[in-house]
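Comments concern the structure below.
Computed from a predicted structure; not experimentally measured. In listed order, ligands and their atoms are each counted from 1.
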Amino acid sequence: MIDIQYSAEVRAAKDAGRPIVALESTIITHGMPYPQNVEVAAQVEQDIRDAGAVPATMAVIEGKLHVGLETEQLQWLGQAQGVAKISRADMAACISTGGTGATTVAATMIAAHYAGIEVFATGGIGGVHQGAETTFDISADLHELGHTPVTVVAAGAKAILDLAKTLEVLETLGVPVVAYGQDEFPAFWSAKSPFAAPLRMDSAEAIAKAHSTRRTLGLPGGQLVANPIPAADQIPAEELAPIIAEAQSDADAHRITGKAVTPYLLQRIFEKTEGRSLIANIALVRNNARLAAKIAQSLVQQG
Ligand code: PSU
Ligand code: MN
């Protein structure tokens, strides 16, 4: 067994059988600049509490798997230099070598499942990158959704990705993609995309029931809940498209590859939108946290 370091709050919630929502930490270390990253992380945790659940932010710190971070740990992580970005491939090595790493969607799902947590809120999952037909850059997040039984609430996949190919891979891997309250698959900074989501549900209860039905059937893998950004906070897709294309060609020109691609693109889009992408990103993560808290509550109520 790996020793889990629970925060006091998560430990108490586990003992009392209260709803818990997992949160990732790569969005803190690699997805947003300091100091907004720690402010947002604390705000998202509070949103989950206000919605009646307990937040569990995941990270590996000096070889220990943390499920829930104390305030000082979150502050420290948000400013720490040289924190690794860990996914399925490097999580065990990070723990076994005493390393420090922030968890991506894939690693957060692994940690959540290990700690018995079934619901997780994030911004946007990784997916199939533009040009994947030559680079083969497909996020391990998709495979994790195919393996690990955690319901992940995200605002769709980041619009920097190839959404059509991302949806195809999710279908191949048997991952239910559930749009919340609309028919279209959302595109992260924009509420709608040209692509229909395979499934639609209009309540947290329905999503929780689908989750527990998968558990009863013994199906491996999780669900992706695609929760659109609130209309008032979105950036229209037409406005973003040329910015994303420029960011992508900058990445190609600088030969950015592997793990560095997603953080690079997010940073370039932040610069090119003069920070508007970050404001939208914050709004959508908070919106996802609130829905995830409701799903976690429903799951506890359904028993
Ligand atoms: N969503 C965000 N910001 C992020 C990420 C997602 O709003 O920083 C991170 C997540 O941790 C996700 C990762 O798992 O990017 C995907 O990285 P890659 O494409 O290298 O798999
Ligand atoms: Mn990648």
Side-chain angles (χ1 to χ4, degrees), residues 22-34 36-37 40-41 44 57-60 77-78 83-91 101-112 120-146 148 150 152-163 165-166 169-170 186-190 222 224 226-227 229 233-235 240 244 247-248 251-252 256-270 273 276-289 292:
L23 294 167
E24 61 156 306
S25 46
T26 294
I27 191 167
I28 304 173
T29 55
H30 293 71
M32 293 184 184
Y34 180 81
Q36 285 101 328
N37 61 350
V40 174
V44 169
T57 302
M58 310 293 183
V60 176
L77 191 70
V83 175
K85 169 180 164 185
I86 51 178
S87 189
R88 165 170 279 253
D90 20 45
M91 186 160 189
T103 55
T104 58
V105 168
T108 303
M109 289 180 75
I110 295 169
F120 162 25
T122 183
I125 61 160
V128 182
H129 278 270
Q130 315 260 11
E133 56 277 23
T134 47
T135 62
F136 281 48
D137 188 351
I138 301 175
S139 176
D141 292 353
L142 301 184
H143 292 269
E144 206 58 55
L145 279 160
T148 303
V150 171
V152 179
V153 183
K158 282 184 285 283
I160 54 177
L161 301 166
D162 186 322
L163 294 188
K165 290 194 182 71
T166 299
V169 171
L170 286 165
F188 199 67
W189 296 285
S190 320
L224 175 61
N227 186 28
I229 183 172
D233 299 310
Q234 70 174 331
I235 306 180
L240 267 183
I244 293 170
Q248 183 67 55
D252 296 342
I256 309 291
T257 56
K259 282 172 186 282
V261 174
T262 296
Y264 180 88
L265 291 174
L266 290 175
Q267 176 61 27
R268 292 299 285 153
I269 293 166
F270 170 76
T273 59
R276 281 176 64 214
S277 65
L278 180 61
I279 294 170
N281 199 339
I282 293 168
L284 67 86
V285 179
R286 297 186 62 188
N287 190 46
N288 295 341

Identity and distance of the protein heavy atom lying nearest atom 19 (O) of ligand 1: Thr262 OG1, 2.7 Å
Considering only heavy atoms from C-beta outward, does the side chain of Trp189 approach that of Ile269 to under 4.5 Å? yes
Residue-ligand contact Lys158/ligand 1, heavy atom below 4.0 Å: yes
Taking distance alone, with no angle check, do Gly124 and ligand 1 share an N/O pair under 3.5 Å? yes
Under 4.5 Å between any side-chain heavy atoms of Thr108 and Leu23, yes or no? no
For ligand 1, does Thr108 get within less than 4.0 Å through its side chain, its backbone, both, or neither, judged by non-hydrogen atoms? neither
min-distance protein heavy atom vs atom 16 (C) of ligand 1 -> Asp141 OD2, 3.8 Å
Treating Thr166 as the side-chain partner and Gly127 as the backbone partner, does any N or O pair qualify as donor plus acceptor under 3.5 Å? no
Those atoms of ligand 1 less than 4.0 Å from some heavy atom in Gly31: 8 (O)
Of all N, O or S atoms in Asp137, which has the smallest distance to the Mn ion (ligand 2)? OD1
Contact region, Val105 to ligand 1, non-hydrogen atoms below 4.0 Å, reads both
Does ligand 1 have a heavy atom under 4.0 Å from the side chain of Val261, from its backbone, from both, or from neither? neither
Quick one: does any side-chain atom of Thr26 pair with a main-chain N or O of Thr104 as donor and acceptor, under 3.5 Å? yes
Ligand-residue contact atoms, ligand 1 with His129, heavy atoms, under 4.0 Å: 19 (O)
Quick check: does Glu24 get an N/O under 3.5 Å from an N/O on ligand 1? yes
Which ligand 1 atoms, with their elements, are less than 4.0 angstrom from a heavy-atom of Asn281? 7 (O)
What's the shortest distance from atom 7 (O) of ligand 1 to any protein heavy atom, and which residue and atom give it? Phe188 CZ, 3.1 Å
Donor-acceptor pair, distance only, cut-off 3.5 Å: does the side chain of Asn37 make one with the backbone of Ile28? yes
For Ser87 and Ala107, indicate whether the former's side chain and the latter's backbone hold a donor-acceptor pair under 3.5 Å. no
Below 4.5 Å, heavy atoms only, C-beta onward: do Asn288 and Thr122 meet side chain to side chain? no
Applying a strict 4.0 Å limit to heavy atoms, is Ile27 in contact with ligand 1? yes
Is there side-chain contact between Leu266 and Lys158, with heavy atoms separated by less than 4.5 Å? yes
Just wondering, do Val105 and Phe120 contact through their side chains at under 4.5 Å, heavy atoms? yes
Any heavy-atom pair between the side chains of Ile110 and Thr103 that's under 4.5 Å? no
Check each atom of ligand 1 against the heavy atoms of Leu266 and keep those under 4.0 Å away; list them by number with element. 3 (N), 4 (C), 8 (O)
Evaluating non-hydrogen atoms only, which member of Arg88, Gln267, Glu144, Lys85 is closest to atom 18 (P) of ligand 1? Lys85
So, does Asn227 use its side chain to make a donor-acceptor pair with the main chain of Ala154 at under 3.5 Å? no
Donor-acceptor pair, distance only, cut-off 3.5 Å: does the side chain of Lys259 make one with the backbone of Lys85? yes
Using a plain distance cutoff, I'd like to know if His30 has any nitrogen or oxygen under 3.5 Å from a nitrogen or oxygen of ligand 1. no
Would you mind telling me if ligand 1 is within reach of the side chain of Thr104, the backbone, both or neither, using heavy atoms under 4.0 Å? both
Nearest to atom 21 (O) of ligand 1, what protein heavy atom do you find, and at what distance? Ser139 OG, 2.7 Å
